Amino acid sequence: MINRKEMEGEIINLTKVWLTVCISLSYCHAVGKFLHPGVGRFLAIAPVIVLFFLLPLQLTSIHLGGATSFFIAWLANFKLLLFATGDGPPSTNPQLPLRQFIALSCLPIKILQNPSEKSSPNNRTEILNEKPKSLINYSIKALIVVLMVKLYDYSEFIHPKVILFIYSWHIYFLLEIILAITQFFARNLLGIELEPQFRDPYYSTSLQDFWGRRWNLMATNILQPTVYKPTVKIASKVVGRTWAPLPAVMATFLVSAMMHELIFYYLGRMKPNWEITWFFVIHGIALTLEILMKKVLPQKRRIPVAVSLPVTLFFIFSTSIWLFFPQFVRLKLDVRAFEEYAALVSFVKKVAFSLVG
């Protein structure tokens, strides 16, 4: 049972970790001004990459440790690899102001593309026409999260599979709220417009639509240049440009699986049972087959949206309940999360009383 004192210690450790991250990225920013992309720049920042894999081990909480591990062990490290090669997005440009470089290098945010920049016309139009969700929208989702947490008090009366189904919505709403808060501060502190990270994934009409255009787009955007595109380039020499995306999709899902296994290790400090890996392998195979069918079948013979949407959601939820969300129970992440809620409330009350007193 986590207590208020442990929560205070965790917040102190969190402050130390993020201070270290800021100092390390300031060093990388300076390195970029003196060393050109290549081996020299990579060797100069390699110790930072190793450090970023170790820093999440300083945290034990689900919420603080989980977000930090995703931000620095995955996003920041992959962006630093792109920074070393010079193939990264504008966010890895050492000519950026330091505060923008730090924020864009380690937070799940991406500058909104200019209409003149190279991107898919349909995707670009969708991004530019998309209205940001209102405060009421996020308030409703926050209220739903609170109600879900309260509902868990009666979990002994609810079927375990239903609880796992509720977990899926709990995590989605929580992630969207966390990323919205991150984007709010980035927008107001950096003065830049940012792309959304979720686009209503419950409207997905295919796995390609879900993983590529709607779900956790920051992970998608960082996996494309670091894994997908290099694999396509290599595979094109072997199987040709037409079929090269197929092994590239599988490689991308395998790397994503390894990063998820690592994050779950940070959260639970337990050896993986590889169910997370199987989840991504199954989705990688399914998406590969989906792309293959789209290449073979003409547009008029494809499954209509009225059928593809429920089938897609059923596949995503069923595989998640089977392989992904049971890890939360195995690692007791759900129990620890509720303990953290209680400890956080106690900590906030203490701070409030001290300010009033």
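Values in this document were obtained by computation on a predicted structure and should not be read as measured data.
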- Item | Heavy-atom side-chain proximity of Ile102 to Arg99 below 4.5 angstrom | no
- Under 6.0 Å between the ring centres of Phe264 and Phe324? yes
- Parallel, tilted or perpendicular, as decided by the 30° and 60° cut-offs, for the rings of Trp215 and Phe210: parallel
- Chi angles and distances behind the side-chain contact (heavy atoms from CB on, under 4.5 Å) call for Lys79, Thr226: CA-CA 8 Å; Lys79 287 183 180 181; Thr226 54; over 6 Å; no
- Message: Are Leu75 and Leu14 linked, directly or through intermediate hydrophobic residues, by side-chain heavy-atom contacts shorter than 4.5 Å (ILVMFWY only)?
- Response: yes
- Task: Report whether Tyr138 and Leu143 are members of the same hydrophobic cluster (ILVMFWY, side-chain heavy atoms less than 4.5 Å apart, transitive linking).
- Result: no
- Can you list the residues that meet the salt bridge (charged side-chain N to carboxylate O under 4.0 Å, His left out) rule with Glu261, with sequence neighbours excluded? none
- Shortest non-hydrogen contact from Gly32 toward Phe83: CA-CZ, 3.6 Å
- Query: Should the heavy atoms of other residues, nucleotides or ligands under 6.0 Å from CZ of Arg330 be counted, would the total exceed 12?
  - Reply: yes
- Connected via hydrophobic side-chain network under 4.5 Å: Ile23 and Phe71: no
- Message: Please find the pair of heavy atoms, one from Leu64 and one from Leu59, that lie closest to each other, and give the distance.
- Response: O-CD1, 4.1 Å
- Query: Atom OG of Ser105 and atom CD1 of Ile72: how far apart are they, to the nearest 0.5 Å?
  - Reply: 12.5 Å
- Task: Find the distance between CG (Leu43) and CG (Leu35) and round it off to the nearest 0.5 Å.
- Result: 9.5 Å
- Side chain to side chain, Trp243 and Lys295, heavy atoms closer than 4.5 Å: yes
- Do Glu290 side-chain atoms and Gln208 backbone N/O form a donor-acceptor pair below 3.5 Å? yes
- Any chance the rings of Tyr167 and Phe325 have centres within less than 6.0 Å? no
- Message: Tell me whether the count of non-hydrogen atoms from other residues, nucleotides or ligands lying under 6.0 Å of CH2 in Trp278 goes above 12.
- Response: no
- Query: Which pair of heavy atoms, one from Leu57 and one from Arg269, lies closest together, and at what distance?
  - Reply: O-NH2, 2.8 Å
- Whether over 12 other heavy atoms sit under 6.0 Å from Lys237 NZ: no
- Stepwise side-chain contact (heavy atoms from CB on, under 4.5 Å) test for Lys141 and Glu176: CA-CA 9 Å; Lys141 289 175 180 175; Glu176 190 166 29; 2.6 Å; yes
- Query: Any side-chain heavy atom of Thr20 within less than 4.5 Å of one from Leu51?
  - Reply: yes
- Message: Assess the residue pair Asn216 and Phe70 against the criterion (side-chain contact (heavy atoms from CB on, under 4.5 Å)); give the C-alpha distance rounded to whole Å, side-chain angles, the decisive distance to 0.1 Å, and a yes or no.
- Response: CA-CA 12 Å; Asn216 196 2; Phe70 174 58; 3.9 Å; yes
- Message: If I compare all heavy atoms of Ile45 with all of Ala84, which pair ends up nearest, and what's the gap?
- Response: CD1-CB, 3.8 Å
- Query: Is the backbone N or O of Val146 less than 3.5 Å from a side-chain atom of His170, with the two atoms forming a donor-acceptor pair by type?
  - Reply: no
- Item | Which atom of Ala251 lies closest to which atom of Thr231, heavy atoms considered | CB-OG1, 3.8 Å
- Approximate separation, where rounding is to 0.5 Å, of His36 NE2 and Arg41 CZ: 8.5 Å
- Message: Contact between Leu267 and Thr60 at the side-chain level, heavy atoms closer than 4.5 Å - yes or no?
- Response: no
- Message: Surrounding CG of Leu54 (heavy atoms of other residues, nucleotides or ligands, distance under 6.0 Å), is the total greater than 12?
- Response: yes
- Message: Taking atom CZ as the centre, does Phe53 end up with more than 12 heavy-atom neighbours from other residues, nucleotides or ligands that are less than 6.0 angstrom away?
- Response: yes
- Linking I/L/V/M/F/W/Y whenever any side-chain heavy atoms sit under 4.5 Å apart, do Leu81 and Tyr228 land together? yes
- Query: Do the side chains of Met258 and Leu262 get nearer than 4.5 Å, heavy atoms only?
  - Reply: no
- Shortest non-hydrogen contact from Leu207 toward Ala286: CD1-CB, 3.5 Å
- Would you say the side-chain atoms of Tyr27 pair up with the backbone N or O of Ala44, donor to acceptor, closer than 3.5 Å? yes
- For the residue pair Val281 and Leu254, establish whether any side-chain heavy-atom pair is separated by less than 4.5 Å. yes
- Can you find a pair of side-chain heavy atoms, one from Thr277 and one from Pro272, that are under 4.5 Å apart? no
- Look at Asp200 together with Arg214 and state whether they make a salt bridge at an N to O cut-off of under 4.0 Å. no
- Message: If you count every heavy atom of other residues, nucleotides or ligands that lies below 6.0 Å from Met293 atom CE, does the total exceed 12?
- Response: no
- Nearest 0.5 Å please: distance from the CD1 atom of Ile166 over to the CH2 atom of Trp169. 12.0 Å
- Ile303, CD1: over 12 other non-hydrogen atoms inside 6.0 angstrom: no
- When you check the side-chain N and O atoms of Trp18 and Thr68, is any donor under 3.5 Å from an acceptor? yes
- Message: Less than 6.0 angstrom separating the ring centers of Phe52 and Phe78, yes or no?
- Response: no
- Task: Decide if the gap between the ring center of Phe198 and the ring center of Tyr172 is smaller than 6.0 angstrom.
- Result: yes
- Task: Establish whether Ile181 and Leu107 are linked, either directly or via other cluster members, by ILVMFWY side-chain heavy-atom contacts under 4.5 Å.
- Result: yes
Side-chain donor-acceptor pairs of residues 310-323 under 3.5 Å, sequence neighbours excluded:
from   : atom 1 : to     : atom 2 : distance (Å)
Thr312 : OG1    : Thr205 : O      : 3.3
Thr312 : OG1    : Ser206 : N      : 3.4
Thr312 : OG1    : Ser308 : O      : 2.6
Ser318 : OG     : Phe314 : O      : 2.7
Ser318 : OG     : Phe315 : O      : 3.1
Thr319 : OG1    : His283 : NE2    : 2.8
Thr319 : OG1    : Phe315 : O      : 2.7
Thr319 : OG1    : Ile316 : O      : 3.1
Ser320 : OG     : Ile316 : O      : 2.6

- Value rounded to 0.5 Å, distance of OG in Ser69 from CD1 in Ile263: 4.5 Å
- Item | Reported OG1-to-CD distance for the pair Thr15 and Glu10, which is rounded to 0.5 angstrom | 10.0 Å
- Query: Should the heavy atoms of other residues, nucleotides or ligands under 6.0 Å from NZ of Lys294 be counted, would the total exceed 12?
  - Reply: yes
- Message: Is the shortest side-chain heavy-atom distance between Leu223 and Ser256 below 4.5 Å?
- Response: yes
- Message: With side-chain contact (heavy atoms from CB on, under 4.5 Å) as the criterion, how do Leu25 and Leu80 come out once you've worked through the C-alpha distance, each side chain's angles and the decisive distance to 0.1 Å?
- Response: CA-CA 9 Å; Leu25 290 176; Leu80 286 178; 4.1 Å; yes
